[in-house]
Q: 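Here it is, the structure, as structure tokens.
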2 protein chains.
Amino acid sequence: MQLNPSERERPMAVTISDVAHAAGVSKGAVSYALNGQPGVSQDTRDRILKVAKDLGWKPSLRAKGLSSAKAYALGLVVARDPSLLGTDPFFPAFIAGIETALAEHDYTLVLSVATAPGAEERCYRKLVENGRVDGVILTDVRHNDSRIGLLNELKVPAVTLNRPDANSPFPAVSVDESAGIVAAVEHLVALGHTRIAHVGGGQEYIHGRSRRKAWADALAAAGLASDLFAAADFTAAGGVAATAELLRRTDRPTAIVYANDLMATAGQSYAQSLGLSVPGDLSITGYDNAEFTQYLNPPLTTLATDPMLWGRVAAQVLLNQLAGTHGGGDTALPAPRLVVRASTGPAPGHPTAA
Amino acid sequence: MQLNPSERERPMAVTISDVAHAAGVSKGAVSYALNGQPGVSQDTRDRILKVAKDLGWKPSLRAKGLSSAKAYALGLVVARDPSLLGTDPFFPAFIAGIETALAEHDYTLVLSVATAPGAEERCYRKLVENGRVDGVILTDVRHNDSRIGLLNELKVPAVTLNRPDANSPFPAVSVDESAGIVAAVEHLVALGHTRIAHVGGGQEYIHGRSRRKAWADALAAAGLASDLFAAADFTAAGGVAATAELLRRTDRPTAIVYANDLMATAGQSYAQSLGLSVPGDLSITGYDNAEFTQYLNPPLTTLATDPMLWGRVAAQVLLNQLAGTHGGGDTALPAPRLVVRASTGPAPGHPTAA
DNA sequence: CATCTCAACTGAACCGGTTTAGTAGTACAC
DNA sequence: GTGTACTACTAAACCGGTTCAGTTGAGATG
């Protein structure tokens with residue numbers, strides 16, 4: 001066999017047998033001592049602990065995993081078109097949140113990216129069947145999400161972000177997205193807008209649907225019709241197309257509530273390219289509060305969520321579930337906060353307008 | 001012990017012993033058959049393969065890992081302030097690239113996010129000492145990067161993005177960032193600019209340094225002085241501060257080359273808030289070609305790289321290293337491509353100006 | 001015909017932990 | 001003084017693979 005860089009001999013790690021031998025006890029005693037289990041006297045326990053420390057013993061996760069049938073890892077499958085992956089500010093922060101919870105429990109995160117459509121289910125199946133993970137976090141839940149059934153079949157603990165509409169046995173960690181959209185619509189209504197459109201995200205996603213429904217409900221509550229809907233898919237290109245569709249109408253909206261920042265950004269840019277003034281002719285709101293939105297021209301009114309908190313809580317709920325200490329209920333997180341910037345203003349012709 | 005959701009009995013997986021028993025051979029024979037090793041006749045091999053398939057046997061990675069002392073996983077530690085994590089379009093695409101390479105080899109990615117400064121080294125140490133990973137990918141390489149020494153001490157195979165200035169035994173996968181910056185400067189010089197500033201990224205990073213050096217070199221090549229430098233840190237706030245500093249000067253620049261898109265975006269917004277016209281009074285270039293930059297007002301001239309390719313190649317090089325088939329040299333990737341948009345234009349007073 | 005060789009296979013050791021069953025020794029009750 | 005109960009420990013099995021050291025039987029060789 002050929003020598004290569006990966007074969008520089010790694011100093012063979014000290015094992016539990018080494019510790020046992022050095023301390024003059026059996027492997028079992030060492031195991032008990034280090035896991036705080038009864039079965040060893042305090043004196044012996046202290047001695048074993050000291051020897052283990054002196055020798056620099058680190059229990060092998062591999063061996064531990066084999067005998068306990070655990071992976072000490074959680075899985076996250078991100079299904080996105082690779083070209084869109086960089087556009088969403090949600091995931092990096094969400095993942096950071098997961099990590100903060102995991103770090104305290106010696107768990108790690110195994111991340112898979114499924115780019116092809118069918119690849120997603122294969123990813124979950126592989127992660128679980130290979131025993132890579134002890135539980136998974138489900139994001140971007142879809143209408144009648146087939147993954148719920150899959151994970152159920154795989155008998156793997158899971159948490160979902162928001163409660164699926166399919167019957168799901170898994171605890172959910174939810175953000176009341178409706179409240180955010182409602183706040184945005186109310187803000188626009190207060191500014192005198194009556195023709196408030198919505199550029200929706202993919203309606204196969206429950207967050208796409210719930211944002212649309214919240215928009216319609218808020219309009220209804222204000223006594224307004226919710227006919228100005230244009231379907232899109234959370235992408236910039238989709239946002240432009242939907243905006244174009246809305247602005248071609250004779251009863252064109254004076255305000256558009258977008259389902260995310262990227263579409264809002266692209267829509268705003270498109271409207272401006274048509275010679276429309278934002279917010280003079282058209283008010284615009286986004287969703288996510290991506291960092292760059294405050295540097296747009298004009299800066300974007302949007303909804304701020306806390307993806308990091310979401311990640312942390314989701315991971316925590318899953319860990320509790322694994323430990324058997326989870327109550328079983330869903331967890332509600334604070335609703336998004338409306339961040340008012342210069343992309344929204346009084347409706348054209350409205351008294352409060354300059 | 002209390003029953004909980006995680007203890008719904010998972011159908012005990014079929015093991016190699018089950019297969020051996022069903023096929024009427026020993027465990028060893030099954031192992032040989034399934035790994036394509038010699039020691040079993042073709043007939044027996046076929047029979048074993050069939051039985052294994054019928055029983056739906058999946059080798060346990062845990063057991064495999066224990067006996068072969070491998071983790072079948074690569075590690076990536078991302079060290080970012082959590083608030084900045086969502087702003088960088090690089091990582092998601094980079095990670096997607098890594099995954100495309102790993103998916104073909106039944107490896108997975110273990111991701112750690114180190115938010116606190118010192119946490120980064122602890123993350124690497126933990127990943128390696130716990131045997132979570134067989135190799136790691138090193139991004140955001142710093143000047144005299146201490147992680148090189150750490151990984152050397154841990155005796156873990158690694159790849160670095162770009163060649164560190166510290167003496168590194170690890171293969172690097174490099175993008176000639178200088179060429180990109182040079183292209184941007186040349187573009188501005190061709191437009192008649194003579195006072196071209198640079199808002200630098202953190203100079204503790206080698207990519208921060210190399211972009212600055214490339215800017216200075218390109219100016220020198222054009223016979224121009226490179227005194228208009230303002231230090232920043234790749235953040236929006238830093239970009240604004242640096243831009244403010246530059247624009248306060250009496251010999252204010254007519255063009256600014258930013259080390260990334262976020263700073264350029266924030267800088268452009270700040271300059272506009274001062275009443276400056278972009279590109280009439282000030283031309284601006286970014287770096288990264290983040291999706292949103294084409295929807296800025298004006299759209300941003302920037303440098304497009306291919307983070308996904310970078311991730312794929314880096315992972316591939318690391319896998320080859322693990323397999324012992326890596327040549328040992330560095331790998332060069334295509335230089336960034338200049339994407340000219342409306343944020344750059346003729347220098348004020350220059351003949352080509354309107 | 002005895003021997004040598006090799007392919008094909010088996011049994012057992014091994015990786016590094018956890019866990020179970022069993023044993024020695026001490027204390028206490030009756 | 002014997003039985004009981006408990007503590008403190010050990011030896012060995014076990015998790016599910018890989019791999020090494022034999023063993024067997026068939027065909028080739030002298």
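Each chain gets a letter, A, B and so on, in the order the sequences are listed, and its residues count up from 1.
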Q: Mind checking side-chain contact (heavy atoms from CB on, under 4.5 Å) for Leu49(A) and listing every partner two or more places apart, or none if nothing turns up?
A: Ala33(A), Leu34(A)
Q: Could you tell me if the side chain of Leu319(B) sits less than 4.5 Å from the side chain of Glu104(B), heavy atoms only?
A: no
Q: Going by side-chain contact (heavy atoms from CB on, under 4.5 Å), name the residues that satisfy it together with Leu66(A), two or more places apart in sequence or in a different chain.
A: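 Result, side-chain contact (heavy atoms from CB on, under 4.5 Å) vs Leu66(A): Arg62(B), Ala63(B), Leu66(B).
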Q: With sequence neighbours left out, write down each residue that passes ring pair (Phe, Tyr, Trp, His ring centres under 6.0 Å) with Phe94(A), or none if nothing qualifies.
A: Phe90(A)
Q: Does dT10(C) have OP1 or OP2 sitting under 4.0 Å from an N or O in the side chain of Ser26(B)?
A: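 For Ser26(B), the contact criterion (side-chain N or O under 4.0 Å from OP1 or OP2 of dT10(C)) is met.
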Q: Kindly write out the residues that satisfy side-chain contact (heavy atoms from CB on, under 4.5 Å) with Asn35(A), not counting sequence neighbours, or none if the list is empty.
A: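 Partners of Asn35(A) under the side-chain contact (heavy atoms from CB on, under 4.5 Å) test: Ser31(A), Gln37(A).
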Q: Among residues 38-47 of chain A, which contact DNA chain D at a heavy-atom distance under 4.0 Å?
A: Gly39(A), Val40(A), Ser41(A), Thr44(A)
Q: Mind checking what makes side chain to side chain donor-acceptor pair (under 3.5 Å) contact with Ser67(B), not counting sequence neighbours?
A: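 Per chain and number, Ser67(B) pairs via side chain to side chain donor-acceptor pair (under 3.5 Å) with no residue.
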Q: By side-chain contact (heavy atoms from CB on, under 4.5 Å), which residues pair with Thr331(B), not counting sequence neighbours?
A: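 Only Val173(B), Val313(B), Val317(B), Leu333(B) meet the side-chain contact (heavy atoms from CB on, under 4.5 Å) criterion with Thr331(B).
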Q: I'd like a table of donor-acceptor pairs (distance under 3.5 Å, sequence neighbours excluded) in which one partner is a side-chain atom from residues 106-119 of chain B, with atom names and distances.
A:
unit_1: Asp106(B); atom_1: OD1; unit_2: Lys126(A); atom_2: NZ; d: 3.2
unit_1: Tyr107(B); atom_1: OH; unit_2: Asp134(B); atom_2: OD2; d: 3.4
unit_1: Thr108(B); atom_1: OG1; unit_2: Arg132(A); atom_2: NH1; d: 3.1

Q: With sequence neighbours left out, write down each residue that passes side chain to side chain donor-acceptor pair (under 3.5 Å) with Tyr32(B), or none if nothing qualifies.
A: none
Q: Under 3.5 Å, which N/O atoms of the protein pair with N/O atoms of nucleotides 20-28 of chain D?
A:
unit_1: dC20(D); atom_1: N4; unit_2: Tyr32(B); atom_2: OH; d: 2.7

Q: Under 3.5 Å, side-chain donor or acceptor atoms of residues 21-30 of chain A against the rest of the protein: list the pairs with distances, not counting sequence neighbours.
A:
unit_1: Ser26(A); atom_1: OG; unit_2: Ala29(A); atom_2: N; d: 3.4

Q: What's the angle between the local helix axes at either end of the helix from dC1(C)-dG30(D) to dC30(C)-dG1(D), using five pairs per end and rounding to 10 degrees?
A: 70°
